[in-house]
Structure formats: C-alpha cells, structure tokens
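Shown below is the structure under consideration.
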Protein chains: 2
Amino acid sequence: MSPRSEEANIQIKDDRQKQILCSALKVFIHKGFAAAKMSDIATEAGISYGLMYHYFQSKEEIYAELVKGAIEASKQALEKAQKEETEPIDKIRALIVRIFASVGQHESAGYYFVLMMGAMTSGAYPALSMEGPQGPGRPFEMLVRIIEDGQRKGQIMQGSPAELATTFFSAILGLASLKVSGTIASMPDPGVLMRIFQPASQAKTK
Amino acid sequence: MSPRSEEANIQIKDDRQKQILCSALKVFIHKGFAAAKMSDIATEAGISYGLMYHYFQSKEEIYAELVKGAIEASKQALEKAQKEETEPIDKIRALIVRIFASVGQHESAGYYFVLMMGAMTSGAYPALSMEGPQGPGRPFEMLVRIIEDGQRKGQIMQGSPAELATTFFSAILGLASLKVSGTIASMPDPGVLMRIFQPASQAKTK
DNA sequence: GTCTATAAATCGATAGAC
DNA sequence: GTCTATCGATTTATAGAC
C-alpha cells in the first residue's frame, strides 16, 4: 500500500468505467442491445472479459447507465436553451443547430440520440415517455413548453404543441439514426427542420 | 394420395409461409432481430417450433424475406404516387396522407417502416441505401425525382432534393417507430410534415 | 405436414489465480 | 486490479417419430 494508492485507484476506477461506457455505447448502437456481446464491449475497450464484471454487475446495468446519461444530457441541453434570453423560435433554432453540429461532428452525440430512440420504444424508461402521466422534468415536456411560448408570441404555427414536438423529435431521432449508421453522409440544413414550426402568417407578412 | 392433395398442399404451404412472416414481423419489431426468438415467432403463429424450419431455413431468411416485402411495398406506393396525374406537391401530400392513415390504422403498416429503418441502418440492403452508387429502382431516388419536379414547378422550396428527402424519410421512420411502440398514440397532422417542402415564395404570394 | 426430443453452439455471469 | 478458465442457462438448428 503506497501512500497515494487510494486516490490513484479511485481515479483508475473512474477512468475504466467511462472507458467501458464509451465502448458499450458504440457496440449497443451498431448491434442493438440483445446482439451486443459483453465480449464485444470488452474487446472494444481493450480489456479482458472478466474485468467488465468488476465494474458493472450486468449488461443491463451498463445500458441503463448510458440511458441515464443520455436523458441527463438532453435535459441539460433543453435547460440551456430555455435559459437563454432569446425568443422561443430562436431557442428552437439554436437547439437544432447545436444538435446537428454535435451529431455531425462527434459520433458519440449521434449515438446518444439513437440510444434514446431505442430506450423510448422499449418503454422501460418513464422519463422518456411522451404520453401518460406528466412529469415536469421530462425532456419532451420541456420542448412542449418552449413551443407553447412561441405560439403565444405568434412565432410558431398554431395547433397541438405535442404534435409539433413529436414530429420534431421523430425527425431528429430518425436523422441521427441514419447518420450514425452511415446511411446519410451529413445532417441536412437546420432550416429544413425549422419549417415544421413556421406559421403561415409569418411568411405572408414578411 | 387423394386427387386434390397436390394443390391443397401448395395452398397450405403458401398460407403457412404468410402466417409465419406476419408473426415474425410483429416479433421482430417489438424485440429486435437478435432478441427475437424462433420460439416467440412459432408461438405467435400458433405452430410448433420445429415446423418453422420446414418453411424457412433460418431466422435470417425470414428477416430477409420481410425486408424484401417492405422494399417492394414502398416501391409500389411511390410508383402509384408518381403515376397519378396531379402536381408533384399533391403527390407528396397524398403519399403522406396514405402513409399516416395506414400506419395509424394497421399495425403491420407501421411495422414495415420500422423494419425498413432497421434494415437501412444495418447497411445490409443496398436497395435501401441513400448514398453511394445510384440505382433507379430505389425508393429513395423515386422520391427525389418527385421533389425535383416540384422544385422545377416552384411548388417546393429550393435546395438539395436529397436533403429534403432524407429529412422527410427520417421523420416518417421516426414517427412510425414511436407509433408502433406506443410512445405516441396517433400520427400527427400531415400538414405539419408538408411544411418541410413549403417554399417561402408560395406563402408570400398567396 | 406436423410434432417432440436432442444435439451443438453461444453467451452471460462467476470463481479463483496472480 | 486484472486476467484466464469454467459453469449454467438459453437458443438455433436438426433428427426422427407419427
């Protein structure tokens, strides 16, 4: 037991966990949860098979940890957008630009969205649901609130805010899926997606 | 060997295959390819486990057959839209309405789209690719051609037709995924998606 | 054509040496 | 902390009876 071994071990432990999570994200996305083998993740991370179970209890725990991170990241992104002192429509524009840029540049950003899509459709994560009992901390509802603000100010077309939000989310998730799989080479112009929100009156009066 | 046994057997064989394919589609969508067990499909179809292998050689063959059907169905839907003697923008509108209606009403229609999404991202089916060497029979390119027509006639916003098509496809695939998983209860208003194509000049001059 | 039983292979999780 | 070896459970695919 050398003097600094405790701190160093904590550091190693933290690094290894991040390393495993990062590798697992790649593997989960490219193969899906069921097809992803623990040996795949171990190989990707460059460690032995058995060591995986020193840091995580099961494959599901790794997946759950990743989803937790994805939910947290999207919450923070939406909170950041909401706090900016700009018009609602500009908050949405900034959000799209930021998302497209991160997905276009960093593989892992796109992975996070695809992971969320999978977690959403599995129905195992209440924080990602769009229907049912509402909870103020859900990313979906945070977007709905921004849309409602924009409608009150006449910047966004009238109609169900939930419908607009789901269509928006669907396009983002779909685009991210196609991007990380290499089906499309780059993300489209943010303006294309902005049109979903555009009120007819805005184009008329301009 | 009774007189009509041959015809009857052919009929039985055809029915069973369709029955298995239909059950497999449900199971694949809800669990993913890897997690879908042959026993799940057999139970869903109401037949024994072993009988599956009398009609299909492997799980992959069943999946490939389903993807083949999905590609064929989308080709036909796009050909139907293209043949109608209406304006390009109306062809797209009719396409969206038809897709939303079928996905909203019949589970299997939504399944087909989700299946296509999975097949697309796996990269194993060239007919579903959006990049790379072009082939005139691909559903994606058929949509691009309709968009180009619409742009020439000023009905659709200017810009990369491929970008518009990918955004459109992404939203459809994303919405279908969320719909079949029960994440959203119903498809949104087709008009929301139509806005992606709307040229600024159209709203202005009206 | 249809079923049950079994073979063969795979994978998640654990045990124990270093 | 890290690795190798192994168990146990599950699953695909096949064999053979009816």
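Residue numbering restarts at 1 for every chain, and letters A, B, ... go by the order of the sequence lines.
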>> A/M130 vs A/E141, test: side chain to side chain contact (heavy atoms under 4.5 Å, CB included). Steps then yes/no.
In response: CA-CA 8 Å; A/M130 290 178 169; A/E141 277 188 48; over 6 Å; no
>> Could you check whether B/D15 pairs with B/K18 (Lys NZ or Arg NE/NH1/NH2 to Asp/Glu carboxylate O, under 4.0 Å)?
In response: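 Result for this pair is no, no salt bridge flagged.
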>> Looking at A/E65 and A/K68, is any side-chain nitrogen of the basic one under 4.0 Å from a carboxylate oxygen of the acidic one?
In response: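 Yes, A/K68 and A/E65 are salt-bridged.
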>> Give the residues of residues 55-65 of chain B touching DNA chain D, defined as any heavy atom closer than 4.0 Å, sorted by residue number.
In response: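 Contacting residues: B/S58, B/K59.
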>> Any side-chain to backbone donor/acceptor pair from A/K91 onto A/Q82? Under 3.5 Å, distance only.
In response: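 Checked: pair present.
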> Which whole-number value in Å describes the distance from A/Y49 OH to C/dT10 P?
Replying inline: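 So the two atoms are 14 Å apart, to the nearest Å.
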> When you look at A/M117 and B/L178, which way does the side chain to side chain contact (heavy atoms under 4.5 Å, CB included) test go after all the steps?
Replying inline: CA-CA 8 Å; A/M117 173 69 117; B/L178 297 179; 4.1 Å; yes
> Within a radius of less than 6.0 Å around CD of B/E60, do more than 12 heavy atoms belonging to other residues, nucleotides or ligands occur?
Replying inline: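 No, not enclosed.
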>> Short of 4.0 Å, heavy atom to strand atom, which residues of residues 15-25 of chain A count as contacting DNA chain C?
In response: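 Nucleic-acid contacts, sorted: none.
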> Given the rule in the side chain to side chain donor-acceptor pair (under 3.5 Å) test, do A/Q158 and A/Q151 qualify, once you have shown the distances and angles that lead to the verdict?
Replying inline: CA-CA 6 Å; A/Q158 291 303 312; A/Q151 287 180 326; 4.8 Å; no
> From the 5' end of DNA chain D to its 3' end, which nucleotides mark the outer limits of contact with chain B, defined by a 4.0 Å heavy-atom distance cut-off (strictly under)?
Replying inline: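 Taking any atom under 4.0 Å from a heavy atom of chain B, the span is D/dT11 to D/dT14.
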> So does B/Q17 have more than 12 non-hydrogen atoms from other groups sitting under 6.0 Å from CD?
Replying inline: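 Yes.
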>> Tell me if the CD atom of A/E79 is crowded by more than 12 foreign heavy atoms within 6.0 Å.
In response: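 Yes, enclosed.
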> Could you state the CE-P distance from B/M52 to C/dT4, rounded to the nearest angstrom?
Replying inline: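 Whole-Å distance recorded here is 14 Å.
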> For DNA chain D, which residues in residues 27-43 of chain A have a heavy atom at a distance below 4.0 Å?
Replying inline: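 Those residues whose heavy atoms fall under 4.0 Å from DNA chain D, taken from residues 27-43 of chain A, amount to none.
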>> Going by ring pair (Phe, Tyr, Trp, His ring centres under 6.0 Å), name the pairs with one or both residues in residues 65-112 of chain A, residues two or more places apart or in two chains.
In response: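 The answer is A/H30-A/Y111.
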> Can you check side chain to side chain contact (heavy atoms under 4.5 Å, CB included) on B/L143 and B/L164, steps first, answer last?
Replying inline: CA-CA 10 Å; B/L143 177 63; B/L164 284 170; over 6 Å; no
>> Under 4.0 Å between a side-chain nitrogen and a carboxylate oxygen: does that hold for B/E84 and B/R98?
In response: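 Counted as a salt bridge, because a side-chain N and a carboxylate O are separated by less than 4.0 Å.
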>> Going by ring pair (Phe, Tyr, Trp, His ring centres under 6.0 Å), name the pairs with one or both residues in residues 54-94 of chain A, residues two or more places apart or in two chains.
In response: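 As it turns out, the ring pair (Phe, Tyr, Trp, His ring centres under 6.0 Å) pairs with a partner in residues 54-94 of chain A, which skip direct neighbours, are A/F28-A/Y63, A/F33-A/Y63.
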